[in-house]
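One structure is given here, and the rest of the page talks about it.
Keep in mind that the numbers below use all heavy atoms, side chains included, and drop hydrogens, waters and symmetry copies.
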Amino acid sequence: MKRQTFLTIASMIALMVGVTATFFPSLLLVSKGVFPDDGVKVWMTEVGILLIVLGVINFLIRKHPSSPTLFVLFLGNVLIQLGLLTVEVLAFAKGTITEISGIIPNSIVHVVLAMGFTYYIFRMVPNKNPQSVSL
């Protein structure tokens, strides 16, 4: 798959989840077996906004050439996916998330996206511009 296609798919996933979390936080949380109070809904809405922004950024950079900046952005995406995966698995283990069906699809998406961003990090062509910042 071309990097541009991967970024388009990754951005659409972030946008869809972000819109759901922003505008329907209870729906997202109840699907995980979490019955949120108003404070939890606020946090879910904030996470949703962050995911929307991440989706927009990933969409806008999808045609950019390899660069130190793109490397850092992809590394950040890997860390986000691994962080979200860790939080969800620990929340399920602790009993905060009570529905396994609420973490299995997300866990698969987090792993696939982390692997995809990692793959494209290793496929980046070094920038031959002597003015560029080194990694």
Side-chain angles (χ1 to χ4, degrees):
M1 170 185 315
K2 292 175 118 179
R3 185 172 70 188
Q4 180 178 342
T5 304
F6 171 75
L7 282 169
T8 301
I9 293 167
S11 66
M12 292 302 120
I13 292 169
L15 287 168
M16 288 187 301
V17 175
V19 165
T20 303
T22 300
F23 297 105
F24 309 102
S26 293
L27 177 70
L28 195 62
L29 289 162
V30 169
S31 74
K32 297 173 178 287
V34 176
F35 298 95
D37 61 18
D38 288 340
V40 174
K41 290 178 196 175
V42 169
W43 283 105
M44 182 57 66
T45 301
E46 289 179 341
V47 169
I49 291 167
L50 292 172
L51 287 172
I52 290 169
V53 172
L54 182 65
V56 169
I57 290 169
N58 283 336
F59 186 78
L60 293 175
I61 58 95
R62 72 192 187 285
K63 294 180 182 179
H64 286 217
S66 295
S67 68
T69 303
L70 196 62
F71 171 88
V72 171
L73 185 62
F74 277 33
L75 180 60
N77 272 278
V78 170
L79 296 174
I80 288 168
Q81 296 306 322
L82 295 178
L84 292 174
L85 173 66
T86 302
V87 168
E88 287 198 351
V89 169
L90 291 175
F92 181 74
K94 185 177 177 183
T96 305
I97 294 178
T98 60
E99 298 291 331
I100 188 75
S101 61
I103 69 160
I104 297 273
N106 293 353
S107 296
I108 293 168
V109 170
H110 293 314
V111 168
V112 168
L113 288 174
M115 288 172 48
F117 281 107
T118 300
Y119 172 79
Y120 287 108
I121 284 172
F122 285 107
R123 298 245 351 205
M124 282 192 190
V125 177
N127 189 342
K128 302 295 184 199
N129 180 354
Q131 300 297 321
S132 69
V133 178
S134 65
L135 301 174

request  = Kindly write out the residues that satisfy side-chain contact (heavy atoms from CB on, under 4.5 Å) with Ser107, not counting sequence neighbours, or none if the list is empty.
outcome  = Leu85, Val89, Ile103

Inter- and intrachain pairs under ring pair (Phe, Tyr, Trp, His ring centres under 6.0 Å), touching residues 72-119, at least two apart = Phe6-Phe117, Phe74-Phe117

task = From the options Leu113, Val112, Val111, select the one residue that forms a side-chain contact (heavy atoms from CB on, under 4.5 Å) with Val109.
result = Leu113

ask   = Is Ile9 reachable from Ile52 through a run of I, L, V, M, F, W or Y residues, each pair having side-chain heavy atoms under 4.5 Å apart?
value = no

message = Are the side chains of Pro36 and Val30 in contact, using a 4.5 Å heavy-atom criterion?
response = yes

Linked, directly or transitively: Leu75 and Val72 (ILVMFWY side chains, under 4.5 Å) = yes

ask   = Which residue pairs pass the salt bridge (charged side-chain N to carboxylate O under 4.0 Å, His left out) test when at least one of the two sits in residues 78-98, sequence neighbours left out?
value = Lys32-Glu88

Under 3.5 Å, side-chain donor or acceptor atoms of residues 54-65 against the rest of the protein: list the pairs with distances, not counting sequence neighbours.
residue : atom : partner : partner atom : Å
Asn58   : OD1  : Asn77   : ND2          : 3.2
Asn58   : ND2  : Asn77   : OD1          : 3.0
Arg62   : NH1  : Phe59   : O            : 2.7

query = Nearest heavy-atom pair of Ala21 and Gly48: which atoms, and what distance?
reply = CB-CA, 3.6 Å

message = Taking side-chain contact (heavy atoms from CB on, under 4.5 Å) as the definition, give me every residue that meets it alongside Ile104, ordered by chain and number, with sequence neighbours left out.
response = Ile100, Ile108

inquiry  = If the condition is side-chain contact (heavy atoms from CB on, under 4.5 Å), which residues does Ser31 pass it with, not counting sequence neighbours?
reply    = none

query = If you look at every heavy atom in Thr86 and Leu82, which pair is closest and at what distance?
reply = OG1-O, 2.8 Å

ask   = Going only through I, L, V, M, F, W and Y residues with side-chain contacts under 4.5 Å, is there a path from Val87 to Val42?
value = no

query = So, Ser66 side chain and Met124 main chain: donor-acceptor pair closer than 3.5 Å or not?
reply = no

inquiry  = Please determine whether residues Met1 and Met12 belong to a single hydrophobic cluster, defined as Ile, Leu, Val, Met, Phe, Trp and Tyr linked transitively by side-chain heavy-atom distances below 4.5 Å.
reply    = no

inquiry  = Assigning hydrophobic clusters by single linkage (Ile, Leu, Val, Met, Phe, Trp, Tyr; side-chain heavy-atom cutoff under 4.5 Å), is Leu29 placed with Leu27?
reply    = no

task = Determine the minimum heavy-atom distance between Ile49 and Thr22, stating which atoms define it.
result = N-OG1, 3.2 Å

query = How about Met44 and Val34: do any of their side-chain heavy atoms sit closer than 4.5 Å?
reply = no

